[in-house]
There are 2 protein chains.
Amino acid sequence: MRQVTRDREATSRRILEAAGDLFAAHGYDQVTMRMIAAEAGANVALVNRYFGTKAALFAEALATGSTIESVIAGDPAGLAGRLAHRLAVRLQSGATEPVTRMVDRAGTSPEIQAILRAHVEATVVKRIAAQLDGPHPEQRALLAATMILGTGSVRRLFGPGVIEAVDAEEVEARLRSMFEICLRP
Amino acid sequence: MRQVTRDREATSRRILEAAGDLFAAHGYDQVTMRMIAAEAGANVALVNRYFGTKAALFAEALATGSTIESVIAGDPAGLAGRLAHRLAVRLQSGATEPVTRMVDRAGTSPEIQAILRAHVEATVVKRIAAQLDGPHPEQRALLAATMILGTGSVRRLFGPGVIEAVDAEEVEARLRSMFEICLRP
DNA sequence: AGAGTTAGTAGACGCTTGTTTACTTGTCAA
DNA sequence: TTGACAAGTAAACAAGCGTCTACTAACTCT
C-alpha cells in the first residue's frame, strides 16, 4: 500500500539512489538492506529482486554515482592544481560526492574489496596515469591516489572542517606542490 | 581440556595478541569474538569476561601494539626522510605493523571511530606537530597523516608490492619530497 | 470485461553475531 | 586432605542479518 503508481524503473532508481546515499554516509557494513528499502520507500524483497545481492547493489551504486573523472579530465598541466583544489574543498566542506566517500568508508568485506579496487583503478589510477608523460606513469598515479584516499580517511576520522579553522589557501597551495612532485616525470 | 595450566595473565595476553593480529589482518567488522577465542586457544566467554566488550578489546589491542612513535621520535630534521622510508617499506612488504593496519582496516562502526580518532590524534598528529616549528603545526601534521593513512588505504585496495615492481628508491625519494613540503613552515 | 502478466508485500527461513548464564574443574592455602 | 576461590567451559540467549517463497493487487492487452 506504499506505492500509488507501479513503476519498476522509478522504484529501482529510488533504491539505487538510497543505496548510494547510505553507503556513502555510513559504509557498507553499517548499511542493511532494510535501511535501503525504507529510505527508498520500497519493500526489502524488491531490492533483492532487482539487484540480486547486497554486493551487486553496492557495485551498481558505485558505478552509477558521479566520479572524480571530471576533475582528472582536462589540461594535464593543471592536473595537480585541480586535484589540490578538490581535496582542499573536500577537507573543509560537509558536502562531498557520495562516490569518493563510498570508497573510504567501504569497510573490509572481501567481496567488496575487489569491486572497490577495480573501481579506483579504472576511474582514478588509470585516468591519471593516462595524462602523465615519462616512465612508470601508474606508479606516480598511485601516489596521487594515496593522497586522494588519505584525505578520505582523515575526513572520516576527524570530520569535516578539520583544517577549516586555519588558512585554507595555504593548505591548497601545499597540496598542489605535493601533487606536482608526485606526478612529475 | 584445552588448557593444561590455568594462567589468567597468560591467557588474556594470548587473547590480546590474537585480537591484534586478526583486527590488523581483516578489520574490525570481519573479525568475530569466536575467531579471536579460537586463535588464542581460549573460550569465547573468557574474552568477554576479561575485556568486557568487543569494542573495549579493540581499544586495548590498539593501545597495546607498537605504534609509529619510534619513527616520529628523533631528529626533527630527518622526520620527512624517516616517514618516507617507513611508507615506502610499508607499500612493498607484506609485513607491516598490526597497529597501522588496524587503523586503515578498522571499518566504519561508530563506536570504533571515536577510539580510532583519539588514537591517531594522540600517537600521530600530536607527536608530529610537536616536532614542527612555525605556525599551525597541527595543520601540517594532519597533511602528513593524510599521506600515512593514504598508504594504508592503497595497500588495502591494491595489496602489498603494488609499487614493488618499479624503482622503489625513486618512490621513497618522491615521498620524502612530499613530506618535506607538507611539514615545512 | 476478463485473463494474464508483473510490481509490490508480508512473513518466515536459516544463519551469525555479541553477550550471558550456569556449570565444571584445576589450584592453592589452611 | 579438604574446602574455597578462580579459571575455564558448554550451551543458550536475543537480536540482527541477507535472502527467499508464497501471496495480493494493480496495470495492460485482446
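Only this structure's heavy atoms are used, side chains among them; waters, hydrogens and symmetry mates stay out. Bear in mind the structure is a predicted one, so any value in this text is a computation, not a measurement.
Atoms CG (L46(A)) and C1' (dT24(D)) sit 13 Å apart, rounded to a whole Å. Regarding E9(A), its CD atom lies at a distance of 17 Å from the C1' atom of dG8(C), rounded to whole Å. Rounded to an integer number of Å, the gap from CG of D7(A) to C1' of dT28(D) is 14 Å. Per the geometry, CE belonging to M35(A) stands 13 Å off P belonging to dG16(D), to the nearest Å. Between F51(B) atom CZ and dT19(C) atom C1' the separation is 16 Å, expressed in whole Å. In this structure, R13(B) atom CZ and dA7(D) atom P are separated by 15 Å, rounded to whole Å. One can place CZ of R34(A) at 11 Å from C1' of dC13(C), the figure rounded to the nearest angstrom. The CD1 atom of I112(A) sits 12 Å away from the P atom of dG18(D) (whole-angstrom rounding).
A salt bridge is absent between R176(B) and E180(B): the closest approach of a Lys/Arg side-chain nitrogen to an acidic carboxylate oxygen does not fall below 4.0 angstrom.
Closest to the side chain of A45(A), from the set dT19(C), dT9(D), dT9(C), is dT9(C).
Residues I148(B) and I128(B) are in side-chain contact: their nearest non-hydrogen atoms beyond the backbone lie under 4.5 Å apart. Looking only at side-chain heavy atoms (C-beta outward), F158(A) and V120(B) come within less than 4.5 Å of each other.
Within residues 25-33 of chain B, the residues that have a heavy atom under 4.0 Å from DNA chain C are, in order of number, V31(B), T32(B), M33(B).
Using a 4.0 Å heavy-atom criterion, one finds that Y50(B) contacts the sugar-phosphate atoms exclusively.
Dashed line: the shortest gap from a side-chain N or O of T11(A) to OP1 or OP2 of dA7(C) is not under 4.0 Å. At the phosphate of dT19(D), OP1 or OP2 sits under 4.0 Å from a side-chain N or O atom of N48(A).
Taking each heavy atom of A129(B) and A141(B) in turn, the nearest pair found is N-CB, 3.7 Å.
For S12(B), there are no side chain to side chain donor-acceptor pair (under 3.5 Å) partners, not counting sequence neighbours. Residues forming a ring-ring contact (aromatic ring centres under 6.0 Å, His included) with F58(B) (at least two apart in sequence, or on another chain): F23(B), Y28(B).
Sparse packing is recorded around CG of D133(B), with 12 or fewer heavy atoms of other residues, nucleotides or ligands lying under 6.0 Å away.
Both V44(A) and R49(A) lie near DNA chain C, and the one whose nearest nucleotide falls closer to the 5' end is R49(A).
Checked by distance alone, R6(B) brings a side-chain donor or acceptor within 3.5 Å of a matching partner on the base of dA6(D).
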